[in-house]
Amino acid sequence: MSNLKINGKTLLKIGYPQSPVFRIAMNVVEQHYSHYTEEEVIELLTKVLADPAAYADNAILGEIAAGLLQPAVPDVIALRETPVPYAIYGESYIDPGAVRQLNNAVRLPVAVSGALMPDAHQGYGLPIGGVLAADNAVIPYGVGVDIGCRMCLSILDLPVQSLLINETSYTQQLMKFTKFGAGAEWKKREADPVLERSEFKDIRFVKNLFDKAAGQLGTSGSGNHFVEWGIATITDPGNEWQLPAGSYVALLSHSGSRGLGAQIAGHYTQLAKELCVLPDHAKHLAYLDLNSEAGQEYWLAMNLAGDYASACHHLIHKRLIEASGAALLARVENHHNFAWKEIHQGKEVIVHRKGATPAGKGVLGVIPGSMTAPGFIVRGKGETDSLQSASHGAGRLMSRTQAKAAITTQTLKQQLEEHGVTLIGGGLDEAPGAYKNIDTVMAAQTNLVEVIGQFLPKVVRMADGGPPED
DNA sequence: ATGTCC
């Protein structure tokens, strides 16, 4: 049995229009004609293209025929001249490119309001650190490529000294129970309720991602993702867990939905761009109407990816906490790449937070610093102007390329030594110097969150720097 | 962010 897939180039060559029919044809071929030769498939698709109406009632090819009978390219949707208002926090530290991107977003016809966090920098579509409330529409690139990218902090009942005395065993645990790198999968798979979800059966596109998702459950990926042992210090005696103020061993992880979320993001962004054509400078902000089939599908797939990301963190924490023999005292976790249905100013809106921490009144979150700077455990103040959001970290000061050129291995080593941090993996593009000063960023958002504690990394694991190794 | 191609 061959594994024939037809690619976009082939479809273009035989004259298929660049419309949703492209993807439909590829899916149909993959699902029903993978045993055909390429010549046979081309012959079949050419026949359908020549007379789509003749295939309209065909059980398999009817889908392609319907796509061909639709108008090929929808009209360009104009941005509004007048933007909806938005607040900026820490404007003097924000990359002007990020401001330009939010200026586009708040002119979308579906925009209701927006906000820009003090760690903002340029992304695709909505900037990282961008928040946008939309009316009954969701922007796949307003959520980001890594759907459900999130933080999870577990505070444990281990004496702080054990981390300092037995550092080697904590390092070994990280080596044994975490897995990093693009495409990384565990050989032995773990059962988990998230893998039983009906979305894996009901949404055709998502169904094809199941196998990879099952293999990648409990892995961490690459880039800025990490798992680290460190010391959490609770400073608020009125904390939610009635923990005595003081220091605890804690585990902090940062990662998302791996290949599953990336594929979902890519697929539905592409679909959105076909269905919602915006002026060129705003094209990545293409949105899906939540009443449309595509919009509803994305919403379900996005929520699945979010829950999958959460399950990944929980599996990592479960394994490491069990290995350490500790008991869990408290946990704080939050998505920072996601969209939610929320009520703002008395109206239900879709709030996109792309690199932004939910900060509703009393809502707890974690804002990481860098591998040598503290992260913060925060409680949201429910500020209206920020759409109840805060930064998701310190934010980049240098691009990855800039950081690799400006920072030396020697500098990184020295900084790690000064702060007593052990690093496994990690590239120069993730060095502390590549990030803004977290204290400056926190000072710009005192109206958004209150600090109830902090976290200092001690043993950090990240993907190896440079190209993936295995 | 991701094995960068719908």
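Residue numbers start from 1 in every chain, and the chains themselves are labelled A, B, ... in the order their sequence lines are given, proteins ahead of strands.
Here the C1' atom of nucleotide B:dG3 and the CZ atom of A:F180 are 18 Å apart, to the nearest Å. Here the P atom of nucleotide B:dG3 and the NZ atom of A:K179 are 14 Å apart, to the nearest Å. In this structure, CG of A:L260 is placed 11 Å from P of B:dG3, rounded to the nearest angstrom. Distance, A:D464 CG to B:dT2 P: 14 Å, rounded to whole Å. The distance between atom CG of A:N7 and atom P of B:dT4, rounded to the nearest whole Å, is 14 Å. As a whole-Å value, the separation of A:K273 NZ from B:dC5 C1' is 13 Å. Atom CD in A:Q263 sits roughly 12 Å away from atom P in B:dT2 (whole-Å rounding). The distance between atom CD of A:E30 and atom P of B:dC5, rounded to the nearest whole Å, is 17 Å.
For A:M26 and A:G223, each mapped to the nucleotide of DNA chain B holding its nearest heavy atom, the one lying further toward the 5' end belongs to A:G223. With the nearest nucleotide of DNA chain B identified for both A:S220 and A:N27, A:S220 has the one nearer the 5' end.
Taking the salt bridge (charged side-chain N to carboxylate O under 4.0 Å, His left out) definition, one finds that A:R100 meets it with nothing, sequence neighbours left out.
In this structure, A:K212 reaches the sugar-phosphate backbone alone: every heavy-atom distance under 4.0 Å involves primed, P, OP1 or OP2 atoms, never a base. At the heavy-atom level, A:S222 lies under 4.0 Å from the strands shown only through sugar-phosphate atoms.
A cation-pi arrangement, defined by a distance under 6.0 Å to the six-membered ring centre and an angle within 45 degrees of its axis, is present between A:R396 and A:Y435.
Contact annotation: the side chain of A:S386 approaches that of A:Y89 to within less than 4.5 Å [non-hydrogen atoms, C-beta and beyond].
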Show me the donor-acceptor pairs, under 3.5 Å and distance only, between side chains in residues 116-128 of chain A and residues at least two apart or in other chains.
from	atom 1	to	atom 2	distance (Å)
A:D119	OD2	A:H392	N	3.0
A:D119	OD2	A:H392	ND1	2.6
A:D119	OD2	A:G393	N	3.2

- Passes salt bridge (Lys or Arg N to Asp or Glu O under 4.0 Å), A:R150 versus A:E333? Steps please. CA-CA 7 Å; A:R150 71 200 318 268; A:E333 52 190 331; 3.1 Å; yes

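Which of B:dC6, B:dG3, B:dT2 sits closest to the side chain of A:F22 comes down to B:dC6. Closest to the A:E274 side chain, of the nucleotides B:dC6, B:dG3, B:dT2, is B:dC6.
Not one side-chain nitrogen or oxygen of A:K9 sits closer than 4.0 Å to the OP1 or OP2 atom of B:dC6.
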